[in-house]
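Notes follow the structure.
Here is the naming used below: chain letters follow the sequence lines, and residue numbers restart at 1 for every chain.
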Number of protein chains: 2
Amino acid sequence: MLRVFIEACKVTANRLFMATIKDVAQEAGVSVATVSRHINKKGILRPETAKRVEEAAAKLAYNPNLLARNLRKNESRVILIISPNVTNPYYALIITGIGDTFNALGYSAVLFNTNEDPEREAEALKMLSRRRADGAILMANCCGNVNLGKYIHEFPIVQCSEYDPALDLPHVSIDNYSASAEVMAYLIKLGHQRIAMISSENNYISTQLRAEAYRNVLKEKQIESPEAFFVKASRDYSFKSGKNRAKELLNLDPRPTAIFCISDTLAMGAIIAAHEMGLRVPEDLSVVGFDDVEHTTMLHPFITTVAQPCYDLGKASANLLYQKLNHTDDTPKEVILEHKLIIRESTGTLLNVGLPHQDQMVRVVN
Amino acid sequence: MLRVFIEACKVTANRLFMATIKDVAQEAGVSVATVSRHINKKGILRPETAKRVEEAAAKLAYNPNLLARNLRKNESRVILIISPNVTNPYYALIITGIGDTFNALGYSAVLFNTNEDPEREAEALKMLSRRRADGAILMANCCGNVNLGKYIHEFPIVQCSEYDPALDLPHVSIDNYSASAEVMAYLIKLGHQRIAMISSENNYISTQLRAEAYRNVLKEKQIESPEAFFVKASRDYSFKSGKNRAKELLNLDPRPTAIFCISDTLAMGAIIAAHEMGLRVPEDLSVVGFDDVEHTTMLHPFITTVAQPCYDLGKASANLLYQKLNHTDDTPKEVILEHKLIIRESTGTLLNVGLPHQDQMVRVVN
DNA sequence: CTGTTAGCGCGTTCAA
DNA sequence: TTGAACGCGCTAACAG
């Protein structure tokens, strides 16, 4: 027995020898089938046999070779997370939610950054055919990616946060239209009539729906709004482009009294732009953001925004994918999570002159 | 031939049939070995044979099963990225660097968030013994993790950014000591004598080295510094704790004229604290940050900071691990990348009263 | 240049 | 309750 242990520690190549199921079987004096059964808790062994197997496994520091198990069972127990950019904290939170959920389920998550490059996306998806992964979660697929079509009917794929309505894929997100409509209703209730939107050049479904609600609510309330009040910031919602677009907006005559930004970073830019132009927020201008993941409570005024349950978005897509993986065929086509309009300091009633004036351009947090 | 194709599209279970190397061989009328050779470009086939193989593979939409290949070659072509928190943009950038590099090398990267939980870390490392991964990059290991010892001599592991000097593992980082010393020299050259440091409660090697340099430079320059000038912010360098610590510092009598923060978020907090207390930056107080990944150029004053090459840090650790994977035994034990002190607006000469006073508490970016 | 064959380590029949 | 034998799909000897 000792000899076996010593052998087990012998270096092969430049790496230590790793015990296989065969070694364990030999050490325990049983067959590999018995070891396998015990490890996978299939069938019951005689207590004595079980003990012998366990001791042998412990002695040899046995770990099942997943490569072999996966080949045998024809599954990789790996899922793909395909995201445009981990650096974005919004995606980072979703990814954490996905990872935590799948790890608890015994899966590993492979991360692919596409950088919005369709070729990178195609490369990632190819891992499905190569059996490197059992399924994938797509965060913001390159719309019109011709490659995607080949995979969607063949592999379990779920879209998270953004999705292509033309694709027949299940997705999880918030109700962007309602959220946007809520913001508009709120601003109008505050007395605002000249409401601008800083949207984005990207073509995400969230962007489209938020814009749609913006226009529709205005129409419903019979508020005429100049086309110049609808502007588009950079694809990635950069702080700088938010500031620049806001400045253009505020130079208009008449200028908007409220700006609805489709991201917090944009909203931060808008607030800074306003300050720079001598306008007070919210006294002279109301600003609303979206997401509630960045900068919202760093400087005063704290930003009014729509909070998205990012972590749960990731969790929900993970669970949805897990269902598909297990051929639970009644998986929903769509999972909508609750958003929440969080009213903070960057919005107020129009011409709210009664309140004391803040001398500090940007107030600071206590 | 057509029959084969139709067969290939037949659904098995609820998923499409996927061609194996055997199917391709059959379709092309050659042996599996020939197909394998062609795919792996080992040995040369007769042009005609090669063509037949290629056509067969194309017709059957063949993709090699990595599970099988990996089992055969006893490698997973997967590496682990073990990080405390992807949400931190500093780590996110490093992760992107690692991922890009390894993807180009034909590897996939599995991401494990440990949340600084030793158990999660241990679980991640276990994937090495289970042959789910060939190696790992550790971003900030839970110091004193007893489990780690079992793996470091058995598997290729590299530490990135943070490292445990007691562990015999290669690592890549910047020269934190020199960087910190440079900042101190710079501040002293500016005329500052009362220099405080906002460090962190965490026990990272970077934190230790930066503190060490802070103290040593002070000693070398024979500058007496009260112990109260050295304070510790939260483990995660939160904005809020930076602001609170700075306030305490600025309430001291005499107060520091410069604060060296070991992260940009902390520096941002310090600047806001100063403004709140009616102090101008840099006229009344100089502030230095570290990392150059967040908030440094969002609001004026733009923050003077030490830039770390995060993406390259990731890239370098990936290359280092790749070398270890290939048994290149002359791999360096340590890779130090260049940092850079970036002087912006938050630092200035002491008592710089000649310059015009900024009325705005926080100036804004053009 | 090509084919035959033997495993990689495991899970799973089918018998006993 | 246990064991023998097979095969997942692939690569690498070896033989021709």
Practice item. Determine, step by step, whether A:R52 and A:E48 satisfy the salt bridge (charged side-chain N to carboxylate O under 4.0 Å, His left out) criterion, reporting the C-alpha distance in whole Å, the side-chain angles of both residues, the deciding distance to 0.1 Å, and the verdict. Key: CA-CA 6 Å; A:R52 281 226 309 286; A:E48 197 201 297; 3.4 Å; yes
If you look at every heavy atom in [X] and [Y], which pair is closest and at what distance?
| X | Y | value |
| --- | --- | --- |
| B:A25 | B:V32 | CB-N, 3.7 Å |
| B:D134 | B:R77 | OD2-N, 2.8 Å |
| B:H38 | B:L45 | CB-CD1, 3.7 Å |

Check your understanding: Can you tell me if the side-chain N/O atoms of A:T49 get under 4.0 Å from OP1 or OP2 in D:dT1?
Key ->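 Looking at the OP1 and OP2 atoms of D:dT1, neither is under 4.0 Å from any side-chain N or O of A:T49.
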Atom pair distance, as rounded to whole Å: [atom1] in [X] and [atom2] in [N]:
| X | N | atom1 | atom2 | result |
| --- | --- | --- | --- | --- |
| A:D23 | C:dC8 | CG | C1' | 13 Å |
| B:R77 | D:dC10 | CZ | P | 16 Å |
| B:E75 | D:dC10 | CD | P | 15 Å |
| B:F17 | D:dG9 | CZ | C1' | 12 Å |

Study note, to complete from the structure: For B:Y91, the ring pair (Phe, Tyr, Trp, His ring centres under 6.0 Å) test, sequence neighbours excluded, returns none
Review point. Aromatic rings B:H171 and B:Y163: how do their planes relate, parallel, tilted or perpendicular, breaks at 30° and 60°?
Key: parallel
Check your understanding: Reading nucleotides 9-16 of chain C from the 5' end, what letters show protein touch, with B for base, S for backbone sugar-phosphate only, - for no heavy atom under 4.0 Å?
Key -> BBBB----
**Study point:** Test item: side-chain donor near acceptor, A:N70 and A:S76, under 3.5 Å
**Key:** no
Revision key, fill the gap. To the nearest 10 degrees, the angle between the two end axes of the helix from C:dC1-D:dG16 to C:dA16-D:dT1 (five pairs per end) comes to 40°
Review point. Atom CZ in B:R69, atom OG in B:S36: separation rounded to 0.5 Å?
Key: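 Rounded to the nearest 0.5 Å, the CZ-OG separation comes out at 7.5 Å.
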